[in-house]
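To start, the structure itself, in structure tokens.
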Protein chains: 2
Amino acid sequence: MPPALPADTSLRTQVYDSLRDSLTSGKFVPGQKLTLRFLAKALGVSLMPVREALRRLVAEGAFEMRPNRSVRVPLMTRAKILELRDIRLAIEGLAVEKAAAVATKEQIARVRRIALEIVAARDVGDNVTDRKKIREYHFALYAIAEQPTLLRMIEGLWLQTGPYMNLLYPKFISSSRGPEGRTRLLRALQAHDAAAARREIERDIGDALTFVADLADSAGNIAPASPVAAKRRRAPSKAPATKPRGVPLFQRAERL
Amino acid sequence: MPPALPADTSLRTQVYDSLRDSLTSGKFVPGQKLTLRFLAKALGVSLMPVREALRRLVAEGAFEMRPNRSVRVPLMTRAKILELRDIRLAIEGLAVEKAAAVATKEQIARVRRIALEIVAARDVGDNVTDRKKIREYHFALYAIAEQPTLLRMIEGLWLQTGPYMNLLYPKFISSSRGPEGRTRLLRALQAHDAAAARREIERDIGDALTFVADLADSAGNIAPASPVAAKRRRAPSKAPATKPRGVPLFQRAERL
DNA sequence: AATGCATTTTTGTGATCACAAATCGGGAAA
DNA sequence: TTTCCCGATTTGTGATCACAAAAATGCATT
């Protein structure tokens with residue numbers, strides 16, 4: 001075992017991880033505005049670590065900074081989703097090509113194992129596990145390529161599309177998305193057929209994001225059916241109870 | 001004219017721009033370690049804006065943060081350069097494809113004008129202008145696609161490869177790099193021939209970064225012939241004179 | 001001369017504060 | 001009711017400080 005490299009324990013990193021997690025698991029709603037002091041209080045830290053974590057997420061495109069310097073979860077348009085789709089096709093396509101070229105039997109077996117877990121989760125209708133395993137499946141695949149910079153970029157792209165991937169459930173998932181594509185992909189890996197592997201992953205990503213893009217309203221905006229009502233409600237909305245000291249929890253959009 | 005959106009005047013952004021500029025113009029040497037206090041003093045600001053700017057650059061891959069939490073300009077290996085090359089082929093290839101599909105006569109004319117400026121700079125051996133115009137040429141091209149996220153990603157990639165692009169001069173540039181490729185690219189744009197346009201840009205990027213990668217020593221490391229001596233010199237090296245209040249200036253690697 | 005250890009210095013991190021700009025609130029005028 | 005304006009509040013920004021970890025330095029020992 002390697003000498004156990006120290007791992008980053010800075011508050012900044014903990015906050016970063018927490019925010020990232022909240023983002024991908026749908027605890028933040030697109031369009032939601034975030035203030036430093038609110039997040040700092042919610043996480044029980046000072047402004048400092050929140051500032052740094054937030055800045056990093058802005059740099060990665062996970063949040064956007066408005067000209068007035070306030071930070072919010074990006075609101076997507078149809079065009080933006082399609083742009084991200086094409087980028088993901090290019091980048092993740094490249095990753096599977098490289099993976100296919102070098103994949104070992106053990107690596108392929110590991111990916112297959114995760115593919116089976118997806119089927120299992122889907123069988124029982126467990127969408128949360130489903131999404132988690134989908135992510136695990138893709139990243140196990142990309143990791144095979146051993147291209148650290150490429151992997152980091154893919155993580156950034158997933159972070160940007162993340163808040164919108166909830167829109168795939170349950171309609172898109174239940175309709176016509178069986179395990180066949182993944183089976184074909186695994187076969188391509190075994191044959192070291194880079195072109196075929198790319199074809200499969202492109203179909204996967206392309207279908208999903210095209211579906212999301214097609215949810216755009218006539219103005220081109222995509223507003224996920226969200227826990228936040230369409231119109232801002234001035235309802236009494238009880239005061240934030242007591243300080244939610246627990247780290248990974250956030251209340252949703254206290255105002256749009 | 002649009003209502004002149006406010007433009008970010010924060011110190012953090014100024015520092016960011018300054019560091020970015022120093023990085024792409026070769027004022028920092030790969031491997032150079034940077035301390036917050038040194039940069040803050042050099043730029044005449046407090047630690048705060050430097051911290052935020054550095055963090056952003058780390059998030060973008062322009063700097064790397066070592067486990068000991070110190071920041072330095074990344075040292076590239078041959079494998080890393082080749083990885084970046086392939087990513088750039090994929091991403092910038094995608095951008096020119098999209099650009100070729102929608103380019104107008106005026107946009108093409110603008111790119112052609114810059115291409116001529118490259119030839120002019122090269123004729124008189126002005127490498128600095130050459131590099132600046134090369135960048136301008138590429139980004140004018142990519143901007144045609146009108147894909148903001150894609151453009152941001154390309155900027156990030158250029159930032160990462162930037163410190164190593166100096167290695168192309170003068171040997172690579174003078175040998176066999178005429179304006180023919182750019183002429184063919186412009187022709188492809190006019191014909192809206194996306195595939196041909198991609199082919200040209202891929203040759204351009206591929207040749208350059210393959211050349212850089214081939215400079216790797218036997219250990220796979222790439223250490224540019226730099227203004228900093230190979231071995232750290234303990235020479236008297238006069239004290240940093242007076243505080244270099246001017247913003248965009250940095251002294252080079254005061255220690256490796 | 002080379003090595004190991006203790007001390008000093010440097011450096012990143014996080015908290016707190018002051019300030020200016022942005023936002024929100026309510027009341028007056030249309 | 002709607003619009004506009006002014007005051008109060010919120011919010012991001014940058015500076016400064018305290019502290020712990022890391023690095024550098026000096027010295028004694030082998």
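In what follows, chains carry the letters A, B, and so on, assigned in the order in which the sequence lines appear, proteins first and then strands, with residues in each chain numbered from 1. Nothing here was measured: the structure is a model prediction, and the numbers come from that model.
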Residues at least two apart in sequence or cross-chain that pass side-chain hydrogen bond (donor to acceptor under 3.5 Å, both in side chains) with B/K133, listed by chain then number, are B/E117, B/E136
Whole angstrom value for the distance that separates C1' of C/dT13 from CG of A/L11: 9 Å
Residues in residues 46-56 of chain A with a heavy atom under 4.0 Å of DNA chain C, by number, are A/S46, A/M48, A/P49
If you compare every side-chain N and O of B/N68 against the phosphate oxygens of D/dA23 (OP1, OP2), does one of them come in below 4.0 Å? yes
Round to a whole Å and report the spacing from CG of B/L36 to P of D/dT16. 15 Å
With a 4.0 Å cut-off on heavy atoms, is B/R37 in touch with a base, just the backbone sugar-phosphate, or nothing at all? base
Protein-nucleotide distance (A/K33, atom NZ; D/dT11, atom C1'), rounded to Å: 8 Å
Return the set of residues passing side-chain hydrogen bond (donor to acceptor under 3.5 Å, both in side chains) with A/Y142 (not counting sequence neighbours), or none when no residue passes. A/E92
Donor-acceptor list for residues 147-154 of chain B side chains, cut-off 3.5 Å, not counting sequence neighbours:
residue, atom, partner, partner atom, Å
B/Q147, OE1, B/K98, NZ, 3.2

Could you tell me how far apart B/R66 (CZ) and C/dT11 (C1') are, to the nearest whole angstrom? 14 Å
Please report, rounded to the nearest Å, how far the C1' atom of D/dT13 is from the OH atom of B/Y16. 19 Å
Please list, chain by chain and in numerical order, all residues satisfying side-chain hydrogen bond (donor to acceptor under 3.5 Å, both in side chains) with B/R110, sequence neighbours excluded. none
Within this structure, what is the CG-to-C1' distance between A/L43 and C/dA15, rounded to whole angstrom? 16 Å
For the pair A/R78 (side chain) and A/A213 (backbone), establish whether a donor and an acceptor sit closer than 3.5 Å, ignoring hydrogens and angles. yes
Expressed in angstrom and rounded to an integer, what is the separation of B/R69 atom CZ from C/dT11 atom C1'? 11 Å
B/T24 meets the side-chain hydrogen bond (donor to acceptor under 3.5 Å, both in side chains) criterion, sequence neighbours left out, with none
Between P on D/dG12 and CZ on A/F38, what's the gap in Å once rounded to a whole number? 12 Å
